[in-house]
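Working notes for the structure below.
Below, read A as the first sequence line, B as the second, and so on, with proteins coming before strands; counting in each chain starts at 1. Just so it is clear, the model here is predicted, and its values are computed rather than measured.
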Amino acid sequence: MPGSGGRRPSLRVCELGASTGPPARRRAWLAALSLLLCACLPRAATAQEVKAAPAPRDLGVSPAPRLPVIKRAPDFTLRDTAGRPVPLSALRGRAVLLSFIYTKCAAACPLVTQRMGLLHDRLVRAGLRRTTVLLTVSVDPERDSAPVLERYAARFGGPQADWKFLRDEPDRVRRVLEVYDEWTRPQPDGEIDHPARIYLIDPRGDIREIYSLSFFDERQAFVDIRALAREFR
Amino acid sequence: MRRGIVLATVVLILLAAGVVFAETCLSPYIKGLRGPEKVMYLWTLPADGHGSDYLTVIDVHLPSPTYGKILEKVEVGSVGNEAHHMGFTDDRAKIWAASLNTSRFFIFDVQTDPMHPRLIRTIDDVPALTGLSGPHTPYAIPGRMLVSMASGPEGTGPGGIAEFTNDGDFVASYKVANHPYETVVKPEFNRMLTSSWAAQKTFMSPRTTWDPKDISDTVLVWDLKARAVIQELKGEPFPLAARWALKPNATYGYNISSGGDSIWMFRMRPDGTFAYTKAASTGKGCAPGDLRQSPDDRYLYVSCIAGSEIQAWDISNPEKIRLHDTVQGMVQANMMHVTYDGRRLYFTNSAISSLDYSPRYALRLIQIGPDGRLKLDPTFVIDFSKAPDGPARPHDMLLN
């Protein structure tokens, strides 16, 4: 299992060929994969998207985010890949970043999980790993068995004590999805349509930000988590 | 391996071609339609102002035997709301319908049965909750709705932006110095622009009584995450609908000035501030009412409320836009909606009860040719002046 300090490819949404290091053939595949990921993201995209100029690097990140209390985070308990129950309420006192994915997802899920990995690295470097927990929940428990989810996690540097990958019996997962308004709609091609929001929950258990998977930027999430850490210091 | 790369490239090209066809003029957080529309939701009010406002459900599925017919009306159970604009939540599961006059919000479930929307919540006490009134456009951000509100709680003075959860629980409000009309967000840059118009008591009064001092001429630039205004762009009166170019990382967009008979361009500089310049005149007496865009960033569509025409502008050269085509005789043309493929444009012709000058209310359709030329479809007409339960004013549309 890769350790937390392991190198992760630096794929970014719609930044082509950004990875470094791999041989030329693998680079070509990574470029093709990143194109594929960009093309599949659920956004109002156009053909010009893949040719669009890169965004100015720092404009997308606000240094002074406003994080109003949106609502109480519904409590739940799901099992990690080792079968241990993880109650959300047991994580009070730490910020929680909660995402919903499925491992058969061809596009956005691996991209956002990779960004969670980059965020995890940033949190480690900033000394914030003790005050933050990342949770990645599978919306597809039938296909995502514990070993499948474990293998998926390992591709991105997880699971770790502060980055848990969760699944459970379908009925239990369904109840969690309902309270987070995370409906799922299986598609004929095996994909699952779902809102794919990412929730930032503060140490008191209030939702303070909701990110779109399509536009998730780990740099902004880091700034937001740091702001919560200061607020609850 | 080489064959694999070629195959992957072909798949990518097909995918890229596919994503050209996506519905426009929605929040970027909403997944736009990628196929033909089946149903239209049209926010409608009785012309005499006495009956309940309602959501008209219309069959727009071409092969359907009831194509072009009203399927049902979903009444909201209260009168005098002044049905105006709507917005999907980020997951397209709900529609928020705002009422200009009573400031109520009506939330419809359109996910359980898209052909039969169901009113699931009415929020009556919006001014008390938010300190704001005169809601114009509900706009989706992840898990929440931002609503541009024209004025203070009494219907006068400056307004702001109100933030709610998708379910209708109030989160926060942000007051500003003008009268917000519409919101557009470019997530890549963390920038939000809000256009502006007038206070609620002004726009609900006859046009002849409007005090020029109550009319805004500014567009505000926000740091979206900070919910903070960082720049004010001054133009001509009533800078209404605004559209950001669809290309990711596009730094420009346009909006219309109804009072200036003009189209304005906003462009972000490398430091994140904006330039704001007049891009074209729509012709004296047009009074632009709505602005829409084609999925390929090639055309803008402008409706002229007073000029009774719809204009297509070629924006291939963003800095030098030119009038491409017009359809005339569209009395009081106002709200528009372009389909996912850019080939059809629905439009209605009621603005506000205080402004309408013709009772010939209708929903019509314009076919858009491959050359971008506009042609009124004579076969698609829903005449709301002869609606079964009495004349009604049709305004904003959403497709599903």
Applying a strict 4.5 Å limit to non-hydrogen atoms, the region of Val223(A) in contact with chain B is neither

So what's closer than 4.5 Å to chain B heavy atoms on Leu67(A): side chain, backbone, both or neither?
side chain

Tell me whether Asp193(A) is salt-bridged to Arg92(B), with the criterion being a basic N under 4.0 Å from an acidic carboxylate O.
no

Considering only heavy atoms, which portion of [X] lies under 4.5 Å from any heavy atom of chain A: side chain, backbone, both, or neither?
X	answer
Asp271(B)	backbone
Ala93(B)	side chain
Asp169(B)	neither

Kindly compute the distance separating CZ (Arg197(A)) from CG (Asp90(B)), expressed to the nearest 0.5 Å.
4.0 Å

Separation of Glu163(B) CD from Ile70(A) CD1 (nearest 0.5 Å)
6.5 Å

Do you know which of Lys71(A), Glu209(A), His194(A) has the most heavy-atom pairs under 4.5 Å to chain B?
Glu209(A)

Checking the side chain of Arg144(B) only, and the main-chain atoms of Ile210(A) only, is there a donor and an acceptor separated by less than 3.5 Å?
yes

If every non-hydrogen atom of [X] is compared with every non-hydrogen atom of [Y], which pair is closest and at what distance?
X	Y	result
Asp181(A)	Asp91(B)	OD2-OD2, 4.1 Å
Ser62(A)	Lys225(B)	CB-CB, 3.4 Å
Pro28(B)	Phe215(A)	O-CE1, 3.5 Å
Ala226(B)	Arg66(A)	O-NE, 3.3 Å

Would the number of heavy atoms belonging to other residues, nucleotides or ligands and lying under 6.0 Å from NZ of Lys104(A) be above 12?
yes

Go through Arg227(B), Gln111(B), Lys186(B) and name the one with the most non-hydrogen pairs under 4.5 angstrom from chain A.
Gln111(B)

